Amino acid sequence: IATFDVTDIRKDFPILNQTIHGKPLVYFDNAATTQKPLSVIEALSQYYMEFNANIHRGIHTLAERATAEYEATRDKAKDFINAAQREEIVFTRGTTEGINLVAQTYGRQNLKAGDEVIISGMEHHSNIVPWQMICEEKGATLRVIPINEQGDLLMDEYEKLLSEKTKIVAVVYVSNSLGTINPVKEIITKAHQYGAKVLIDGAQASAHLDIDVQDLDADFYVFSSHKVYGPTGVGVLYGKRELLDAMPPYQGGGEMIREVSFGKTTYNDLPYKFEAGTPNIADTVAFKAALDYVTTIGKSVIGEYEHELLTYATESLQSIDGLQIIGQAKEKISVISYVLEGIHHQDIGIMLDNDGIAVRTGHHCTQPLMDRFCILGTSRASFAMYNTKEEIDRLVQGLHKIKKKLG
Ligand code: PMP
């Protein structure tokens with residue numbers, strides 16, 4: 001059983017050991033991207049130092065090794081989300097590409113005029129725009145599940161939206177702006193009663209929660225490596241095999257074909273049908289080191305520690321006069337969005353940076369959600385397993401300083 005010692009964990013993340021404007025770095029922008037452990041950085045450099053080669057087509061030793069390592073990440077990713085088969089794991093560029101792939105293939109094939117796609121009021125732009133695009137093309141309608149003041153989805157309203165017209169439900173598992181953990185299993189069960197398929201945006205959930213796509217009965221599940229301590233430029237699209245099999249390819253090119261002639265092309269088996277061209281081999285190989293790192297520590301251990309940070313930060317921040325936390329759902333991961341009365345979030349971001357503290361400010365690619373709360377943006381602190389209570393104290397001190405100066 002892994003024991004969790006944040007001091008040991010921090011030694012694995014060399015980037016944390018630096019000063020910004022003369023102050024030790026406090027990295028609270030983990031919902032945007034996480035930092036990478038040494039094992040990931042080393043795996044990346046080992047790939048280029050020892051076995052860089054194009055995959056799948058080669059019979060020489062380097063190509064065979066590169067292929068084996070690339071495919072080993074697929075097996076690891078399958079286990080990470082408990083998919084039934086490795087063929088159900090498609091590598092993408094990230095969450096955004098995964099959603100676009102499903103909208104442009106499954107969506108284009110299955111939506112017609114009058115059909116409906118349901119999303120929620122707390123979606124990232126990447127789970128809004130691809131659906132708007134395909135709905136517009138097909139004459140389908142986008143419907144939105146509203147949310148309450150706490151930042152919870154109104155499940156009664158969701159049930160009212162569901163009908164025989166509903167073909168696709170696409171919802172975020174965990175909100176990047178509010179931290180809300182949505183009841184996705186219930187959302188999926190209800191959608192299936194109407195025969196609709198469900199895509200879960202797992203971008204923010206995958207580093208914090210144990211993911212079991214079979215238990216959820218998700219039809220599609222997407223996430224990005226870079227938010228799970230892995231490299232940028234890689235993501236996973238999980239899809240149930242019978243759905244992926246029936247879908248047309250996304251892009252045409254090498255690797256996704258079985259046979260090509262000028263008259264007709266037949267497509268490759270899963271998952272290669274959806275992986276046209278030379279993929280991001282290096283980052284995919286190194287992604288496995290990230291998944292290994294997280295699984296070795298264990299997400300329940302990580303989640304428990306992060307929850308401690310969340311509770312501590314929520315209490316500490318609430319003690320600041322004029323500070324309002326946006327998003328107070330009962331089920332949350334370690335994300336805190338807040339506004340300070342009379343002070344622009346951008347000023348907060350700049351002044352915290354002067355103190356060595358990295359937070360994100362703005363609309364967090366969730367403009368409709370900001371509209372819902374009648375704000376332009378927030379300042380957001382999002383915690384990862386390497387953060388500490390001392391760092392949260394630094395944030396609170398920094399905010400007090402800002403209030404004194406600008407408040
Ligand atoms: N969905 C959510 C909830 C996110 O937080 C993000 C990243 N901020 C995305 C989708 C898009 O992920 P990516 O930029 O890695 O494609």
Side-chain angles (χ1 to χ4, degrees), residues 27-36 40 77 81 90-104 119-133 144-145 147 151 153 169-184 187 198-209 211 218 220-238 250 279-280 283-284 286-287 290-291 306 326-327 329 331-337 358-370 372 377-384:
Y27 186 76
F28 281 165
D29 197 15
N30 295 287
T33 199
T34 51
Q35 300 303 346
K36 320 306 171 197
V40 170
I81 59 170
V90 175
F91 288 125
T92 62
R93 215 156 48 76
T95 304
T96 303
E97 190 177 56
I99 298 168
N100 277 280
L101 190 160
V102 175
Q104 293 294 321
I119 60 172
S120 88
M122 61 175 90
E123 297 309 316
H124 188 278
H125 294 164
S126 66
N127 202 28
I128 302 174
V129 185
W131 301 114
Q132 281 176 330
M133 289 163 68
V144 183
I145 313 166
I147 63 176
L153 291 181
V169 176
V171 208
V172 73
Y173 200 156
V174 167
S175 158
N176 62 310
S177 295
L178 307 173
T180 309
I181 303 173
N182 288 317
V184 290
I187 289 171
V198 184
L199 176 140
I200 300 298
D201 171 354
Q204 294 296 338
S206 305
H208 307 281
L209 307 175
I211 307 298
F220 301 103
Y221 184 95
V222 289
F223 70 106
S224 302
S225 149
H226 73 96
K227 295 193 200 267
V228 194
Y229 307 97
T232 52
V234 191
V236 168
L237 159 67
Y238 160 82
Y250 180 46
N280 185 348
D283 292 301
T284 306
F287 179 28
L291 295 176
E306 289 172 341
I326 307 292
E331 298 286 330
K332 268 186 82 168
I333 54 133
S334 49
V335 165
I336 303 191
S337 261
V359 296
R360 178 123 321 216
T361 61
H363 54 62
H364 317 295
C365 295
T366 53
Q367 275 178 344
L369 180 67
M370 299 296 114
R372 160 69 182 79
T378 71
S379 163
R380 179 187 72 187
S382 52
F383 311 125

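Every number for a ligand or one of its atoms is a count from 1 in the order of the listing. The structure displayed is predicted, hence computed values, not measured ones.
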Evaluation steps, side chain to side chain contact (heavy atoms under 4.5 Å, CB included), between Arg372 and Met122: CA-CA 9 Å; Arg372 160 69 182 79; Met122 61 175 90; over 6 Å; no

Do side-chain atoms of Lys36 reach the backbone of His226 as a donor and acceptor pair under 3.5 angstrom? yes

Under the side-chain contact (heavy atoms from CB on, under 4.5 Å) test, which residues partner Ala286, sequence neighbours left out? Val40, Ala43, Leu44, Pro231

Taking only residues two or more places apart in sequence, or in another chain, which ones meet Phe91 in a ring pair (Phe, Tyr, Trp, His ring centres under 6.0 Å)?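 Partners of Phe91 by the ring pair (Phe, Tyr, Trp, His ring centres under 6.0 Å) criterion, ordered by chain and then number, come out as Tyr70.
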
Which residues pass the ring pair (Phe, Tyr, Trp, His ring centres under 6.0 Å) test with His124, sequence neighbours left out?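 By the ring pair (Phe, Tyr, Trp, His ring centres under 6.0 Å) rule, His124 matches no residue at all.
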
N/O to N/O under 3.5 Å, ligand 1 against protein:
unit_1: ligand 1; atom_1: 1 (N); unit_2: Asp201; atom_2: OD1; d: 3.3
unit_1: ligand 1; atom_1: 1 (N); unit_2: Asp201; atom_2: OD2; d: 2.5
unit_1: ligand 1; atom_1: 5 (O); unit_2: Gln204; atom_2: NE2; d: 2.7
unit_1: ligand 1; atom_1: 8 (N); unit_2: His124; atom_2: NE2; d: 3.3
unit_1: ligand 1; atom_1: 8 (N); unit_2: Lys227; atom_2: NZ; d: 2.7
unit_1: ligand 1; atom_1: 15 (O); unit_2: Ser224; atom_2: OG; d: 2.7
unit_1: ligand 1; atom_1: 15 (O); unit_2: His226; atom_2: NE2; d: 2.8
unit_1: ligand 1; atom_1: 16 (O); unit_2: Thr95; atom_2: N; d: 3.4
unit_1: ligand 1; atom_1: 16 (O); unit_2: Thr96; atom_2: N; d: 2.9
unit_1: ligand 1; atom_1: 16 (O); unit_2: Thr96; atom_2: OG1; d: 2.6

Just by distance, no angles: are the side chains of Tyr221 and Ser206 close enough, under 3.5 Å, to form a donor-acceptor pair?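 Their side chains do contain a donor-acceptor pair, which is all the 3.5 Å distance test asks for.
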
